[in-house]
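Heads up, the thing below is written out as structure tokens.
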Amino acid sequence: ATLPVTGTYSIGIDPQQVIELAEKALLKKLRTRSLSVSEARSVLRERRLDADATERLLDSLEEYGYLDDKRFAEGFANWRRDGQGLGKQRVLRDLRVRRVAPAVAEKAVEQAYSATDETAMIEEFLARKFRGKSLPAYLAEPKNLASAFRKLRYAGFSAGASIAVLRRYSAQAEALEDEPIENESV
């Protein structure tokens, strides 16, 4: 089925050809990287496809299963948890950056992290980031302790759980509760 096209296109190019080229470009991106529906819409806008043709093409790709924000968010959350060891808040923030609907993102993150132990994830994160170092000795210095705390917060772990784990290595961890965190908004 051909899609009707309206809008401004380069002179001498068939509007249907513009749609086909935009679809090819989007499918090429989808072969190399998963995209949210909103990201796919941006790819089509870059190709100067008008709004009506864009929505029809997106609907078609959703119908065939190429685009699905729910499946995308679930896979993304699982990958960030298992593959990168990141915390809930970071994954939620990253899904919002990828323009996944907040309700879909929150549900996917809650589902992905429902059976995880945040404390164990923090321990693994610290072991990975500070391998080869004696954590009690390294975290005895206040600047290193503050740096480790900031890394944990940036990685998406809660302040309470981060401090609880850091407290095992340094008695000074209590003072971290008062430290301001940059870009803490989620």
Hey, what do you get for [atom1] ([X]) to [atom2] ([Y]), rounding to the nearest 0.5 Å?
X	Y	atom1	atom2	answer
L92	R90	CG	CZ	12.0 Å
D68	E63	CG	CD	13.0 Å
L44	E55	CG	CD	9.0 Å
Q89	Y154	CD	OH	14.0 Å

In residues 18-33, what donor-acceptor pairs under 3.5 Å come from side-chain atoms, sequence neighbours left out?
{"residue": "T32", "atom": "OG1", "partner": "K29", "partner atom": "O", "Å": "3.0"}

Just by distance, do the side chain of [X] and the backbone of [Y] share a donor-acceptor pair under 3.5 Å?
X	Y	answer
D69	V37	yes
T54	D50	yes
S36	R98	yes

Exercise. Is there a side-chain contact between T119 and R168 (heavy atoms, below 4.5 Å)?
Worked result: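 When only atoms from C-beta onward are counted, R168 and T119 do touch, with a gap below 4.5 Å.
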
For this session: Taking the side chain as every heavy atom from C-beta outward, state whether I163 and L152 have any atom pair closer than 4.5 Å.
Result: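 Not in contact.
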
For this session: Please name all residues satisfying side-chain hydrogen bond (donor to acceptor under 3.5 Å, both in side chains) with N78, sequence neighbours left out, ordered by chain then number.
Result: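 Once residues adjacent in sequence are excluded, the partners of N78 under the side-chain hydrogen bond (donor to acceptor under 3.5 Å, both in side chains) criterion are R81.
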
Problem set entry | Sequence-distant partners of R99, side-chain hydrogen bond (donor to acceptor under 3.5 Å, both in side chains), two or more places apart |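 Residues passing side-chain hydrogen bond (donor to acceptor under 3.5 Å, both in side chains) with R99: S38, S42.
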
Specify the closest pair of heavy atoms between [X] and [Y], including all atoms of both residues, with the distance to one decimal.
X	Y	result
A77	A108	CB-O, 4.1 Å
V100	A105	CG1-N, 4.0 Å
I122	S162	CD1-N, 3.7 Å

For this session: State, without any angle test, whether S158 and E118 hold a side-chain donor-acceptor pair at a distance under 3.5 Å.
Result: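 Present: a donor and an acceptor within the cut-off.
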
Problem set entry | Of L95, L86, V109, the residue whose pairing with R80 passes side-chain contact (heavy atoms from CB on, under 4.5 Å) |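 Of the listed residues L95, L86, V109, the side-chain contact (heavy atoms from CB on, under 4.5 Å) partner of R80 is L86.
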
Problem set entry | Where at least one partner belongs to residues 100-116, residue pairs that pass side-chain hydrogen bond (donor to acceptor under 3.5 Å, both in side chains), sequence neighbours excluded |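 Those involving residues 100-116 are K88-E110, R96-E106.
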
Problem set entry | Worked check of side chain to side chain contact (heavy atoms under 4.5 Å, CB included) between F157 and V165 | CA-CA 11 Å; F157 298 108; V165 171; over 6 Å; no

Distance-only donor-acceptor pairs under 3.5 Å for side chains of residues 129-138, two or more places apart:
none

Exercise. How far apart are the C-alpha atoms of L166 and L126, what are their side-chain angles, what is the distance that settles it, and do they pass the side chain to side chain contact (heavy atoms under 4.5 Å, CB included) test?
Worked result: CA-CA 9 Å; L166 290 172; L126 289 172; 4.1 Å; yes

Problem set entry | Pairs touching residues 42-74 that satisfy ring pair (Phe, Tyr, Trp, His ring centres under 6.0 Å), sequence neighbours left out |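 For residues 42-74: F72-F76.
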
For this session: With side chain to side chain contact (heavy atoms under 4.5 Å, CB included) as the test, would you mind laying out the steps for W79 and E74 before giving the verdict?
Result: CA-CA 9 Å; W79 170 66; E74 289 169 355; over 6 Å; no

